[in-house]
Amino acid sequence: MERVADDPATSSAGSVYVGAAETTSTGNGAVGLRVREVLAAPCLAQARVLAGTRGLDRIVARLNVMEVPDILPWVKPHELLLTTGYPLRDDPEALVALVGELDDRGLAAMAIKLHRYIDELPAELLAEADRRGFPIIEFPQDVGFDDVLNEVLGTLLNRQAALAARSDEVHRALVSVVLEGGDLSDLAAELAAILGGPVVVTTPDGRVVAQAGDSDELARIGASAAFDRSGRFRVEAEPEGTRDDPPGPRAVVPIVAGRVDHGRIVTFSRTPISDTDVHCLERAATVAALAITKGLAVAAVESKYRADFLRDLLTDRIDDLPGAVAHARSLGWHVERPMAVLVAELDPGQVPASLSGLELRPVQERFAAAWQTVMRMRDPLAPVASFNNEVVVLLAPAPNGDLTRIVAELDRQVAGDRGGGRHSFSLGVSRVATDPSELPRAYEQARTAVRIGRRLTGPGARSTFDRLGAYRLLALIPDNGELRGYVADVLGELAGDTTEAADLRHTLEVLFDTNCNVAETARRLHFHYNTLRYRIEKLERIVGPFTTNPALRLDLALALRVRQMRGT
């Protein structure tokens, strides 16, 4: 190779690549040697770094020799470019522009042998290299390119061989965990032992499904900004790859199978995470995808069986209730105690309209899995199942019978801080059923609560059946035509969809809220007192003397609620 430099007539751009060394790592790019490690080679003991010392941690995965002017089309990222400067001997200033081009293409560094064709490098080149952190290295005079190629390539190959050996060892260890029936917790424990630091496995939106490692370390990182208050890993703020800011060095690798995102594997450390560790994490992600896919296949069958049984119980399709209670116990559910039914539904518009059928399953499954996760921690004996587009949860009330605090806490844990692409959902809660025979009625109450709650307050509704008031009675009327007729008869012109009708309906609602107190209504609506008196006269011309007729006020109040509830 040294003769190539001495013989311009036979010069060419010659690249030497390191087979497996071209493998890239999510964390730091290509797997290879850092520039400072390359300089530790015996043949480069006398080499000098002329500029760009900030870039000595760049990765060198291959070497290239430049002895032709048009080298740029041939260079690749993570290369150490060797040159005598022969192509630019008549125009050393061109090296200044070349440094920027090489850095933009992701090269690791450039090593030049001076006093052959160029005696010194322009000051502008060194300044540009320092600004970019692009190392410029001066070769020792008595070292040939072939010496560098042989030593550095040998080190790279040894590094790659060691990486492959460790990777295979890790892969065998992790696969054996899965083949022996281990789950994600066992996988995380094995990986934590291999890497020597805490490991966390999460869902795509960051819910922790498994973790392993020192308990104090897990508590420390769990209290950091990498996790939100609900304990969710902030995947939206933690990109794939390595980071070194608080709570410390960490690497994030996606778990993907069949183009479906199944979550993340994250490892934390007190010391910088190496390329080898990242590569091991990537192999672990492949095994985790296998474990998750296997678990989903088994869980799909089990979940359907359990969900079908719970649906039959909640829709009163079971004749032998004592037998059903016993069967529920065999499934790990205790339904004979007092329980309320909670129904949670993803709000319309939360999922792209282009998704349908099987494409929707991951979204709905993740929503159901979120409820299963939080309920498993709170009450593992409580049934949780997914019925098509709704998740049904049976809740045991607190000793004092209060459900409000329990529902609020579950809601907070499932909703988190809305990060990671989470979807809005509405939920409804029934009265407490004191006996399993009352569960079907409780289920209908919860479904009524979520339906009416969304109608009244829009997406993200939180409703309990006991607080629906008159809406509970109105919801029992199945004939929408009769209800629309009632609204039209009672409200007359106010039932229309015009802006004026809506404005007058709002005035009427505020009047009823204040028990027809004109002064208070005027204050709430920011109207002059006389303006409101004029509006009241106009309303009475349309609907009748409601200020003096209590029965008419009741009819009007009900009609307004029917319209609000049914959108009629």
Output for pair (L346 CG, F367 CZ), nearest 0.5 Å, gives 4.5 Å
Closest heavy-atom pair, F227 versus I221, reported as atoms and distance to 0.1 Å, is CD1-O, 3.1 Å
(request) Apply side-chain contact (heavy atoms from CB on, under 4.5 Å) to F387 and V343, showing your working. (result) CA-CA 10 Å; F387 298 170; V343 170; over 6 Å; no
Original post:
Between the main-chain N or O of A461 and the side-chain N or O of S426, is there a donor-acceptor pair closer than 3.5 Å?
Top reply: yes
Flag the pair D316 / Y443 as yes when at least one side-chain heavy-atom distance between them is below 4.5 Å, and no otherwise.
no
Separation between CG (L394) and CG (L313), nearest 0.5 Å, reads 7.5 Å
query = Are the side chains of S463 and I452 in touch, meaning some heavy atoms are under 4.5 Å apart?
reply = no
Decide, yes or no, whether a salt bridge links E336 with R329 under the criterion of side-chain N to carboxylate O below 4.0 Å.
-> yes
**Request:** Output, in order, the C-alpha distance, side-chain angles, deciding distance and verdict of side-chain contact (heavy atoms from CB on, under 4.5 Å) for D277 and T267.
**Result:** CA-CA 9 Å; D277 290 340; T267 184; 5.9 Å; no
Any L560 side-chain heavy atom under 4.5 Å of L491 side chain | yes
*asked:* Using modelled atom types and a 3.5 Å cut-off, is there a donor and acceptor pairing between side-chain atoms of N515 and backbone atoms of N517?
replied: no
On a heavy-atom basis, the closest approach of G496 and A501 is O-CB, 3.7 Å
Quiz item: Under 3.5 Å, is there a donor-acceptor pair between the side chain of D347 and the main chain of G460?
Solution: yes
Under the side-chain contact (heavy atoms from CB on, under 4.5 Å) criterion, do D104 and R132 qualify, and how do the steps go? CA-CA 10 Å; D104 290 341; R132 289 175 171 266; 3.0 Å; yes
- Query: Would one find more than 12 heavy atoms of other residues, nucleotides or ligands at under 6.0 Å from atom CG of D319?
  - Reply: no
| said: Do D435 and S437 pair up side chain to side chain, a donor and an acceptor below 3.5 Å, judged on atom types alone? | reply: yes
SB check K304 D308 (cutoff 4.0 Å)
yes
CG (L281) and CD1 (I273) are apart, to the nearest 0.5 Å, by 8.0 Å
Correct closest heavy-atom pair for A284 and L187 would be O-CD2, 4.4 Å
On a heavy-atom basis, the closest approach of P397 and P338 is CD-O, 3.3 Å
### Query
Less than 4.5 Å apart, any side-chain heavy atom of I318 and any of F309?
yes
Next on the checklist: Distance to the ring centre below 6.0 angstrom and angle to the axis at most 45 degrees; does that hold for R462 and F425?
Outcome noted: yes
Practice item. Could you please spell out the steps behind the salt bridge (Lys or Arg N to Asp or Glu O under 4.0 Å) verdict for R270 and E217? Key: CA-CA 10 Å; R270 293 277 189 175; E217 277 293 282; 2.6 Å; yes
Any chance you could lay out the side-chain contact (heavy atoms from CB on, under 4.5 Å) test for L427 and W371, step after step, and finish with the verdict?
-> CA-CA 12 Å; L427 60 85; W371 282 99; 4.2 Å; yes
P247 and S224 have their tightest heavy-atom pair at CG-OG, 3.4 Å
Margin query: Regarding R250 and E238, does a basic nitrogen lie under 4.0 Å from an acidic carboxylate oxygen?
Written below: yes
With sequence neighbours left out, the residues meeting salt bridge (Lys or Arg N to Asp or Glu O under 4.0 Å) with D214 are none
Are any of the side-chain nitrogens in R563 or E509 under 4.0 Å away from the carboxylate oxygens of its partner? no
> Are any side-chain N or O atoms of D183 and backbone N or O atoms of D186, one a donor and one an acceptor, separated by less than 3.5 Å?
Replying inline: yes
Any sub-3.5 Å donor-acceptor pair from R505's side-chain atoms to L494's backbone N or O?
yes
Handout entry: Side-chain heavy-atom pair R220, D216 within 4.5 angstrom cut-off
Key = no
- Beyond-backbone contact of V429 with L403, side-chain heavy atoms, under 4.5 angstrom: yes
When rounded to the nearest 0.5 Å, the distance separating CG of L539 from CG of L508 is 5.5 Å
In this structure, CD1 of I292 is separated from CD1 of I255 (nearest 0.5 Å) by 4.0 Å
Exercise. Check for a donor-acceptor pair, side chain of R54 on one end and backbone N or O of D130 on the other, with a separation under 3.5 Å.
Key: yes
All heavy atoms of V208 vs all of G231, minimum pair found to be CG2-O, 3.7 Å
Rounded to the nearest 0.5 angstrom, the CD-CG distance for Q445 and L439 is 10.5 Å
Exercise. Under 30°, 30 to 60°, or over 60°: which ring-plane class applies to F233 and F268, parallel, tilted or perpendicular?
Worked result: perpendicular
(message) Are there over 12 heavy-atom neighbours, none belonging to R243, within less than 6.0 Å of that residue's CZ?
(response) yes
* Asked: Do E128 and D103 come within less than 4.5 Å of each other through their side chains, counting heavy atoms only?
  -> no
* Asked: Is R524 salt-bridged to E520, cutoff N-O under 4.0 Å?
  -> yes
Notebook entry, point to check: Heavy atoms, side chains only, cut-off 4.5 Å: are V200 and R264 in contact?
Noted result: no
- Main-chain N/O of T547 paired with R553 side-chain donor or acceptor, under 3.5 Å: yes
- Item | Electrostatic pair R378:E409 at N-O distance under 4.0 angstrom | no
Looking only at side chains, do R207 and T373 share a donor and an acceptor under 3.5 Å apart?
no
